[in-house]
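For this chain, numbers begin at 1 and follow the sequence in order.
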Amino acid sequence: QVQLVESGGGLVQAGGSLRLSCAASGRTISTINIYHMGWFRQAPGKEREFLAAIDWSGASTYYADSVKGRFTISRDAAKNTVFLQMNNLKSEDTAVYYCAGGLYSSSSRRYLRVDYWGQGTQVTVSS
């Protein structure tokens with residue numbers, strides 16, 4: 001009943017920036033059992049990697065070490081939308097980026113469960 005739709009991916013030069021958006025439809029996030037919205041990415045031949053999460057009620061944010069200082073997660077609760085601002089992009093950031101909704105554990109530094117996934121959006125960083 002809930003659909004997550006990503007947008008904003010594309011081709012960018014190394015050192016450049018992109019902003020990804022993820023809009024939820026079907027239900028308001030605050031009325032369903034989603035505590036954290038977040039972002040993952042997956043490069044060919046690699047496991048899906050956690051990037052960032054945001055507490056929907058308190059807006060606390062959490063980041064993987066690989067993107068701290070470069071990526072910023074934010075939300076627009078009124079529009080049921082989460083964003084990922086990506087700066088200083090590197091070639092190793094090339095991947096399919098996925099929006100996710102579920103329950104994140106700050107102590108375990110991982111999602112305990114992901115209930116909803118977006119379809120993914122390709123980000124390609126050229127050198």
Side-chain angles (χ1 to χ4, degrees):
Q1 296 289 86
V2 176
Q3 183 179 12
L4 305 180
V5 180
E6 302 101 332
S7 62
L11 176 65
V12 65
Q13 188 176 357
S17 300
L18 284 174
R19 190 182 76 160
L20 305 182
S21 299
C22 173
S25 62
R27 293 286 189 275
T28 302
I29 292 174
S30 62
T31 67
I32 59 178
N33 194 29
I34 295 179
Y35 296 96
H36 301 89
M37 295 294 294
W39 293 93
F40 292 73
R41 68 185 179 191
Q42 189 166 21
K46 296 186 177 181
E47 295 182 354
R48 191 164 295 188
E49 175 190 15
F50 166 75
L51 299 176
I54 184 166
D55 186 315
W56 205 252
S57 61
S60 296
T61 58
Y62 311 93
Y63 296 95
D65 290 341
S66 60
V67 302
K68 284 182 179 178
R70 296 193 299 125
F71 291 9
T72 302
I73 188 170
S74 61
R75 63 169 181 157
D76 185 338
K79 296 184 179 295
N80 269 2
T81 302
V82 63
F83 306 96
L84 186 68
Q85 178 67 44
M86 305 187 294
N87 298 327
N88 303 120
L89 285 163
K90 307 172 182 179
S91 60
E92 53 263 42
D93 294 319
T94 296
V96 177
Y97 284 68
Y98 297 91
C99 178
L103 178 62
Y104 176 82
S105 171
S106 60
S107 60
S108 300
R109 303 186 69 185
R110 67 179 182 89
Y111 265 85
L112 299 182
R113 57 176 174 84
V114 176
D115 299 306
Y116 303 96
W117 290 102
Q119 83 287 351
T121 185
Q122 177 71 47
V123 172
T124 302
V125 183
S126 64
S127 59

Provide the closest heavy-atom pair for [X] versus [Y] in the form atom of the first, atom of the second, distance.
X: Ser126; Y: Leu11; answer: CB-CD1, 4.2 Å
X: Tyr63; Y: Thr72; answer: OH-CA, 3.4 Å
X: Ser105; Y: Ser108; answer: OG-N, 3.1 Å
X: Trp39; Y: Val82; answer: CZ2-O, 3.8 Å

Open item on the list: side-chain contact (heavy atoms from CB on, under 4.5 Å) for Gln122 and Thr94? Distances and angles first, verdict last.
Closed with: CA-CA 8 Å; Gln122 177 71 47; Thr94 296; 4.0 Å; yes
Return the [atom1] to [atom2] distance between [X] and [Y], rounded to the nearest 0.5 Å.
X: Thr121; Y: Leu18; atom1: OG1; atom2: CG; value: 9.0 Å
X: Leu103; Y: Leu112; atom1: CG; atom2: CG; value: 4.5 Å
X: Trp56; Y: Asn80; atom1: CH2; atom2: CG; value: 6.5 Å

- [ ] Please answer: with hydrophobic residues joined when any side-chain heavy atoms are less than 4.5 Å apart, are Leu84 and Val125 in the same cluster?
- [x] yes
Open item on the list: Membership question, hydrophobic clusters at under 4.5 Å side-chain separation (ILVMFWY): are Ile73 and Phe71 in the same one?
Closed with: yes
Task: Residues that Ala23 engages under side chain to side chain contact (heavy atoms under 4.5 Å, CB included), provided they are two or more places apart - done: Thr81
- [ ] With sequence neighbours excluded, tell me which residues meet side chain to side chain contact (heavy atoms under 4.5 Å, CB included) with Ser25.
- [x] Gln3
Task: Within residues 19-127 or reaching into it, pairs that qualify as disulfide (SG to SG under 2.5 Å) - sequence neighbours excluded - done: Cys22-Cys99
Open item on the list: Filter on disulfide (SG to SG under 2.5 Å), then keep only pairs touching residues 41-86, sequence neighbours left out; what's left?
Closed with: none
TODO: Look only at the side chain of Glu6 and the backbone of Gln119, and say whether a donor-acceptor pair between them is shorter than 3.5 Å.
DONE: yes
Task: Selection residues 11-21 - residue pairs positive for side chain to side chain donor-acceptor pair (under 3.5 Å), sequence neighbours left out - done: Ser17-Asn87
Task: Which residues share a salt bridge (Lys or Arg N to Asp or Glu O under 4.0 Å) with Arg70, sequence neighbours left out - done: Asp93
- [ ] Apply salt bridge (Lys or Arg N to Asp or Glu O under 4.0 Å) to Lys68 and list each qualifying residue two or more places apart in sequence or on a separate chain.
- [x] Asp65
- [ ] Can you sort out the partners of Tyr35 under ring pair (Phe, Tyr, Trp, His ring centres under 6.0 Å), two or more places apart, ordered by chain and number?
- [x] none
TODO: Report the residues that fulfil ring pair (Phe, Tyr, Trp, His ring centres under 6.0 Å) with Tyr97, sequence neighbours left out, ordered by chain and then residue number.
DONE: none
TODO: Taking side chain to side chain donor-acceptor pair (under 3.5 Å) as the test, write out the residues that go with Ser127, two or more places apart.
DONE: none
Open item on the list: I need the full list of salt bridge (Lys or Arg N to Asp or Glu O under 4.0 Å) pairs touching residues 44-63, with sequence neighbours left out, sorted by first then second residue.
Closed with: Arg41-Glu49
Task: Members sharing Trp117's hydrophobic cluster (side chains within less than 4.5 Å) - done: Phe40, Phe50, Tyr62, Val96, Tyr98, Tyr104, Tyr111, Val114
Open item on the list: Go through it in stages, so that I can follow the logic: the residues are Leu20 and Met86, the test is side-chain contact (heavy atoms from CB on, under 4.5 Å), and I'd like the CA-CA distance, side-chain angles, deciding distance and then a yes or no.
Closed with: CA-CA 8 Å; Leu20 305 182; Met86 305 187 294; 3.8 Å; yes
